[in-house]
Amino acid sequence: MLDHLTRVLRDGADRPAVLGCTRSGAVRVRARCGEIADLADAYAAALHHGHGLAAGDTLGVAVRPGPRALALMLAAHRLGLRAAVLDPSAGPDVLLARLELARPALVVADAAAQAVAGWARGLARRASLELPRLDALGPVATAGPRRPGCAPALRTPGGRPPAPYDGDGDAVIVFTSGTTSAPRAVVHTRASVAAGMRAVAGLVRPQAGQAVLGGTFFVLVPSLAAGATVALPARSPKVLGRQVRRLAPAETYLTPPQLRGLDQLTGRVWTGSAPASAGLLRRAKQAGATEAWGVYALTELFPAAAVEEADKSAFDADGDLLGHPLPGVTARLADGGELLLAGAAARDRYLGERPDPWVRTGDRASLDPDGRIVLAGRCKDMVLRRAENIYPGLYEPSLHLPDVELALLVGVPAGDGDERLVALVQPRRGADRHRLRADLERPLARMGSARPDAVLLGDIPLAGRSRKPDRAAAARLCARELAR
């Protein structure tokens, strides 16, 4: 699909490709198709002729999502490089340990990433963003405008980019977890990346001439390859709301935290990267979406399953309905109920480990008679109370009432080796808390022996770039509240 995208960009050179917006939400063209194609050619020539990179080399990428990042990924694909994505939210020590595994031949960073690693480190740290000195990772070059203190620009000695690399091999490295002593990284091949993009295209079905709102690489490429125009979501919730109203996209792909703040939507809406409750999907349709889909996706396999709001809302058994595995995805359960997935879009291996066709998701699940995946929660999130194993994911969906934004069940040490089970419920803005407590009694009564020892109302801590609920922080918050 990346090769096809290059041809589409050339054929529609004058067509807007990537859109941004002003603070009022007005559409702003950030790049046209031909500009991205030209930039990708220039980057490929610079990386190959100017820096000597060739197929199989590792390229560190610290560039914000947008036209430059897309052009850089297209250049890496053309040369047969593998791109190692640098996440500034991981922390400098973890990132250094991770890159010891990947050992990039060159790190390409924009001025913003270099500011996070340099003069703006103090400001960035307040936003939980921090990079080590990039030159500690290897040679560094700047993509885009340089600022004082930035590394030299990508060398462009001239010459055409080499012929496209024709073959498989590693395409991207994404660091997921682990410690400084044992970091873990997912390795996708060119074949698995292509399969994942085909899966997205088959699921979302972007149409030529339409606008798609979404910022991930797996949204950008299939949408642009289909002839659609992609708008990058505004960071500010208020501006994002204005952007949606002005743009009226046919397809929207946002994370649940981005989606929660919107009261007006159009077309079909997709959300993933963090849990999406039936209530959130219902509110998306009430806001104007014609369809609202929850997508189950992992770094190791994107996407894996999807479910529309009507099916999710009609599901009344325990657990969280994720839907049918997507075409080409095979699901089975390991001993203990852990969900295992396989398919053409699955990662090849973890860096430094042997290939394995089965992805261990770390999620407990079941398969209903129709073959749909029903999530029971993370294996490691089990709470042990009075010798009973309680899996929060089985019961949390029942707590997502219309006036509930988020809900978690967490374990809090009881001081005797046991745990107290606490429900932390985040009300919707403006909700009547007294009425909400009364409304919660019905789902709580149905939990039987898994009924929580305490119910607290408050904001649920979020973490990571996708702003997922942070269970560890939520447990600490509950412990402090109970100690009062």
Side-chain angles (χ1 to χ4, degrees), residues 199-200 202-207 210 212-214 216 219 233 240-241 244-245 248-297 302-327 329 331 363 365-377 393-408 425-429 431 439 442-443 466-469:
V200 172
L203 179 65
V204 180
R205 303 192 304 276
Q207 301 296 313
Q210 293 184 340
V212 175
L213 179 65
T216 69
V219 171
L240 178 59
V244 171
R245 287 191 288 273
E251 310 283 350
T252 296
Y253 199 118
L254 298 172
T255 64
Q258 290 173 311
L259 193 58
R260 287 187 198 108
L262 300 178
D263 56 12
Q264 184 173 326
L265 292 162
T266 57
R268 297 192 302 166
V269 172
W270 311 82
T271 188
S273 301
S277 67
L280 176 63
L281 299 182
R282 281 196 299 272
R283 292 200 294 272
K285 291 175 83 169
Q286 291 165 359
T290 56
E291 297 177 17
W293 290 80
V295 179
Y296 178 60
F302 185 102
V307 62
E308 210 278 325
E309 178 274 330
D311 289 335
K312 189 150 186 154
S313 292
F315 184 75
D316 59 1
D318 288 338
D320 185 15
L321 180 66
L322 302 182
H324 287 101
L326 293 176
V329 176
D363 290 326
S366 62
L367 300 176
D368 76 359
D370 292 330
R372 299 181 301 180
I373 302 172
V374 180
L375 194 66
L394 279 173
Y395 307 101
E396 286 168 349
S398 67
L399 299 176
H400 283 95
L401 303 179
D403 279 338
V404 173
E405 197 74 77
L406 288 171
L408 290 183
V425 177
Q426 179 174 318
R428 289 191 70 191
R429 186 179 302 173
D439 291 342
R442 184 176 180 183
S466 60
R467 310 303 293 154
K468 294 181 181 180

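Bear in mind the structure is a predicted one, so any value in this text is a computation, not a measurement.
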Trainee: Would you give the length of the straight line joining atom CZ of Arg268 to atom CD of Glu308, rounded to the nearest 0.5 angstrom?
Mentor: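 Taking CZ in Arg268 and CD in Glu308, the distance rounds to 10.0 Å.
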Trainee: Could you tell me whether the side chain of Thr290 and the main chain of Gly267 form a donor-acceptor pair under 3.5 Å?
Mentor: yes
Trainee: What do the steps show when you test Leu399 against Val404 for side-chain contact (heavy atoms from CB on, under 4.5 Å), and what is the final call?
Mentor: CA-CA 8 Å; Leu399 299 176; Val404 173; 5.6 Å; no
Trainee: Go through the structure and list residues passing side-chain contact (heavy atoms from CB on, under 4.5 Å) with Ala305, not counting sequence neighbours.
Mentor: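 Once residues adjacent in sequence are excluded, the partners of Ala305 under the side-chain contact (heavy atoms from CB on, under 4.5 Å) criterion are Tyr296, Ile373.
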Trainee: Report yes if some heavy atom in the side chain of Val307 is under 4.5 Å from a heavy atom in the side chain of Phe315; otherwise report no.
Mentor: no
Trainee: Please give me the minimum heavy-atom distance between Ala292 and Lys285, naming the atom from each residue.
Mentor: CB-CG, 3.7 Å
Trainee: For a quick test of reading the model, state the closest non-hydrogen atom pair linking Thr271 to Leu281 and the distance between them.
Mentor: CG2-CD2, 3.9 Å
Trainee: Taking all non-hydrogen atoms of both residues, which atom of Gln258 and which atom of Pro233 are closest, and how far apart?
Mentor: NE2-CB, 4.0 Å
Trainee: When you look at Val200 and Tyr253, which way does the side-chain contact (heavy atoms from CB on, under 4.5 Å) test go after all the steps?
Mentor: CA-CA 11 Å; Val200 172; Tyr253 199 118; over 6 Å; no
Trainee: Could you walk me through whether Leu326 and Leu203 pass the side-chain contact (heavy atoms from CB on, under 4.5 Å) test, one step at a time?
Mentor: CA-CA 8 Å; Leu326 293 176; Leu203 179 65; 4.0 Å; yes
Trainee: Under 3.5 Å, is there a donor-acceptor pair between the side chain of Asp368 and the main chain of Asp370?
Mentor: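 Answer holds: yes.
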Trainee: Which value, rounded to the nearest 0.5 Å, describes the distance between Leu406 atom CG and Arg428 atom CZ?
Mentor: 11.5 Å
Trainee: If you take all heavy atoms of Ala248 and Thr266, which pair is closest and at what distance?
Mentor: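 Heavy atoms only, the tightest pair is C-OG1, 3.2 Å.
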Trainee: Just say parallel, tilted or perpendicular for the rings of Trp293 and Trp270, cut-offs at 30° and 60°.
Mentor: parallel
Trainee: Within this structure, what is the CG-CG distance for the pair Asp318 and Leu375, rounded to the nearest 0.5 Å?
Mentor: 12.5 Å
Trainee: Between Lys312 and Ala276 (side chain of the first, backbone of the second, donor and acceptor by atom type, cut-off under 3.5 Å), is there such a pair?
Mentor: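 Yes; judged by distance alone, with no hydrogens or angles, the pair exists.
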Trainee: Please check if the side chain of Ser398 supplies one atom and the backbone of Pro443 the other of a donor-acceptor pair under 3.5 Å.
Mentor: no
Trainee: Could you give the distance from CG (Leu240) to CG (Leu254), rounded to the nearest 0.5 Å?
Mentor: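 Between Leu240 CG and Leu254 CG, I get 6.0 Å after rounding to 0.5 Å.
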Trainee: Is Glu405 paired with Arg283 through a side-chain N to carboxylate O contact shorter than 4.0 Å?
Mentor: yes
Trainee: Once you round to the nearest 0.5 Å, how far does CZ of Arg245 lie from CG of Asp263?
Mentor: 6.0 Å
Trainee: Return the CG to CG distance between Leu280 and Leu259, rounded to the nearest 0.5 Å.
Mentor: 5.0 Å
Trainee: Looking at every non-hydrogen atom in both residues, tell me the closest pair between Ala331 and Pro325 and how far apart they are.
Mentor: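 Looks like CB-CG, 4.1 Å.
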Trainee: Taking the basic N atoms (NZ, or NE/NH1/NH2) and the acidic carboxylate oxygens, is any pair closer than 4.0 Å for Asp403 and Arg429?
Mentor: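 Between Arg429 and Asp403 there is no salt bridge, as every charged N stays at least 4.0 Å from the carboxylate O atoms.
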Trainee: With distance as the sole criterion, is a donor-acceptor pair present between the side chains of Arg282 and Ser313 under 3.5 Å?
Mentor: yes
Trainee: So, the side chain of Glu291 versus the backbone of Ala289: is there a donor-acceptor pair under 3.5 Å, distance only?
Mentor: no
Trainee: Tell me, do Val244 and Leu265 make a side-chain contact under 4.5 Å, heavy atoms counted?
Mentor: yes
Trainee: Between Val219 and Gly214, what is the shortest heavy-atom contact and its length?
Mentor: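 For Val219 and Gly214, the tightest heavy-atom pair comes out as CG1-CA, 4.1 Å.
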Trainee: Run the side-chain contact (heavy atoms from CB on, under 4.5 Å) test on Arg372 and Leu321 for me, step by step, so that the C-alpha distance in whole Å, both residues' side-chain angles and the decisive distance to 0.1 Å come before the verdict.
Mentor: CA-CA 7 Å; Arg372 299 181 301 180; Leu321 180 66; 3.5 Å; yes
